[in-house]
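A short write-up of the structure that comes next.
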Amino acid sequence: MMDLTYSEAERCFREEAREWLRANVPARPLPSGDTRAGFAAHVEWERRLFDAGWAVVSWPRAYGGREASLWQWLIFEEEYYAAGAPQRVTQNGIFLLAPTLFEFGTAQQRDELLPRMAAAQDLWCQGWSEPGAGSDLASLTSRAVRDEAAGGWRLSGQKTWTTRGAFCTHLFGLFRTDPAASRHKGLTYFLVPLDAEGVTVRGFSRLDGDEGFAEVFFEDVFVPDTAVLGAVDEGWRVAMATTGSERGLTLRSPGRFLATADRLAELARSEPTTPRQREAVIRGWMRARAYQLFTLKQVTDLVQGRQPGARSSLNKLYWSELDIELQEAALSILGPRAELDAAWARGFLFALSGPIYAGTNEIQRNIVAERVLGLPKGGA
Amino acid sequence: MRFGLTEEQITLRDAVRDLLAEQCPPSLLRDPSPEATDKLWEHLAELGLFGVAAPEAVGGLGLTVADLVPMLVELGYAAVPLPAAETAMMAGLLADPAVAAGERRITVARDAAIVPYATRADRVLVLSGTYATPAAAESLSTVDTTRGVARVRLTEPVPLAGPVLEQARLRYDLALAAQQIGLSRRMLAMTVDYVGQRRQFGAPVGSFQAVKHHLADALLAVEFAEPAVLAAGWSLAHRPEDAPRDIAMAAILATEAAQQVAKTAIQCHGAIGYTVEYDLNLYAKRAWALAAECDIDAHLAVLGTSLGLESS
């Protein structure tokens, strides 16, 4: 039976989440989590979430979760963003690394890392991009050389555009372990504490002026064998499991855009608007709802054991372009006030990163064309 | 929560799909003679299409519009040159055993001056509020030559009451949206197939990024319109208070997706897409004809009202 309603148990779950958020979300927005002071405030918030069992709702209880279903996760996300709760500065760990640990990690890695990640004791950043390897990630050149005597690896090279890298404690990233192999072969996935000897982190400003980026230098940094996630030289396959999550559902739940669309409609109700502006608001709201419906269908598939695979690139294209559309509609209504460094202007600047990170939208369109539509690979 | 087709819905949809693959080829669209279209109608009636969403009391299956929507997508995919979607949708509304059995064909028009399938229908439901028998058709020259559009005189008119008329409008808009999804899928499939074979500069044109990105965008529009159409069918059947909003949204997304796909399909085919010999034009022209019946501004207004945005 097709049924677009939630069960009694799911409604109770929603009510419980809503109640907790109502009582606990800071009345005044925290300073940006992409600044040093703001990051600390956000980490405090993450610990409150964890203490109340809301940090990682879908995880096993043993690691701090509440074993919520995908449906409950969607509900939690809706309530979280509707409540105007803070950005998740732990997201690279809990949404990107954690699924990979669940799939490829050893029992020891899971037991050691996941509880600390959930509790925001370890703060993870992603070490994919390098100065010469962005969209063409497989051309990365950072290396890991075997140190047999010490029982581990020595890392060297540079990562960059590392989100919140200057504030995090750990980095997960890809390093070349087989210099003779090319491209996707010979890469290994490493888990690196940023206080290890030989690591230098330098923060720098993003488009919005916050120190949200970092470059991370590795000079002969030793890590033990337990720092390898998955098999040596199999890093590409391990990493791609994570980018699937990043592009698709887990990074950007519909709740986020529904909340933005509702705030946009609220803005349009409270300000004088032109027909053009109203149409932009209506279309933005409509597309946020379309993204939600697409997701409900996708989660139904997932629950029935069908993985989205390359179709997660459809999610990424849609939400990233939708986000910009919503922010632009708001800026248009604000008129001269759009110039001020306030919430919507910040939202707009942040939204501009959406079509770039997690694989640029040009790459996503190639993936959709080749792997969903089945067009011939390659070409200019 | 479960947002997917049921086994039964899939079975019904596939039955229509298989039938149309055989009985409604492009050659039928090129020559929709009364003999050919009558035979196609009989097949659809035998399949039980017109009774699916009609109550058991009038001989129907007693299922809902939500069950019918995936079948209407298939009618769009084949660009059936008959008021099949209209009859199947209205059968649940008119409580007429002859309609549910497929013995009385219902076409729908916004205006008696432009009535699609006029000579292939027994009744016309005019959305301004009249149910009548069409007479003395004056055939009109149209871009989509397969629909038999005519200006008619309305005989034996019966006025339609408010709630019935409102239901008829919702059902018609939903039927348009569902067919646009099918048309989009057809045009997209033809184009993907073509650009994979057609070679220029020593490579399939579908290997070029400019072509890939056009088609990825076209797919994106369809993929995000289709759930909205299915959800609108569910609303109409199970949560009628949301149906006007959800159908407005479905109609906009599906219509605009089909328009985008039609343009993209023609462009990616190149010159052959701009010919009448090649079949693509049959489906593009149907998409444009159905788009002409979709009042985007009225749908935007419905959504605006639901969001509390009054015109100032």
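In what follows, chains carry the letters A, B, and so on, assigned in the order in which the sequence lines appear, proteins first and then strands, with residues in each chain numbered from 1.
- Expressed to the nearest 0.5 Å, how far CE of A:M286 lies from CG of B:L303 amounts to 6.5 Å.
- Heavy atoms closer than 4.5 Å to chain A are found in the side chain of B:E256, but not in its backbone.
- You'll find the side chain of A:L375 stays beyond 4.5 Å of the side chain of B:F208, heavy atoms only.
- In this structure, chain B has a heavy atom under 4.5 Å from the side chain of A:E370, while its backbone stays farther away.
- Both the backbone and the side chain of B:L230 have a heavy atom closer than 4.5 Å to some heavy atom of chain A.
- In the displayed structure, B:Q267 atom CD is contacted under 6.0 Å by at most 12 heavy atoms of other residues, nucleotides or ligands.
- Listed options B:A189, B:A225, B:G206 were ranked by heavy-atom pairs under 4.5 angstrom with chain A; first place goes to B:G206.
- Taken to the nearest 0.5 Å, the CG atom of A:L317 stands 10.0 Å off from the CG atom of B:L219.
- To the nearest 0.5 Å, atoms CG (A:D3) and OG1 (B:T6) are separated by 12.0 Å.
- With a 4.5 Å cut-off on non-hydrogen atoms, B:A228 touches chain A through its backbone and its side chain both.
- Of the inter-residue distances, the one linking B:K212 atom NZ with A:I367 atom CD1 reads 11.0 Å to the nearest 0.5 angstrom.
- In this structure, chain B has a heavy atom under 4.5 Å from the backbone of A:K377, while its side chain stays farther away.
- In this structure, the side chains of A:R287 and B:F224 stay at 4.5 Å or more apart for every pair of heavy atoms.
- With a 4.5 Å cut-off on non-hydrogen atoms, A:R283 touches chain B through its side chain but not through its backbone.
- Contacts of B:H214 with chain A are absent, with no heavy-atom separation under 4.5 Å from either backbone or side chain.
- Using a 4.5 Å heavy-atom cutoff, the side chains of B:L309 and A:T273 are not in contact.
- Neither the backbone nor the side chain of A:V303 comes within contact range of chain B; no heavy atom of the residue lies under 4.5 Å from a heavy atom of that chain.
- Both the backbone and the side chain of B:S207 come within less than 4.5 Å of a heavy atom of chain A.
- Between chain B and the options A:T300, A:L4, A:N366, A:D262, heavy-atom pairs under 4.5 Å are most frequent for A:L4.
- For A:F76, the ring-ring contact (aromatic ring centres under 6.0 Å, His included) partners are A:W54, A:Y80, not counting sequence neighbours.
- Here the straight-line distance linking atom CD of A:Q364 with atom CG of B:L220 works out to 11.0 Å at 0.5 Å rounding.
- Residues A:E362 and B:H213 form a side-chain contact, since some pair of their non-hydrogen atoms from C-beta on lies under 4.5 Å apart.
- With sequence neighbours excluded, no residue forms a side chain to side chain donor-acceptor pair (under 3.5 Å) with B:E7.
- Listed here is the closest heavy atom pair of B:R245 and A:W285: CD-CH2, 3.8 Å.
- Between the CD atom in B:E223 and the CD atom in A:Q298 there is a gap of 10.0 Å [rounded to 0.5 Å].
- Side-chain contact between B:H238 and A:T5: absent, with no pair of heavy atoms (C-beta onward) separated by less than 4.5 Å.
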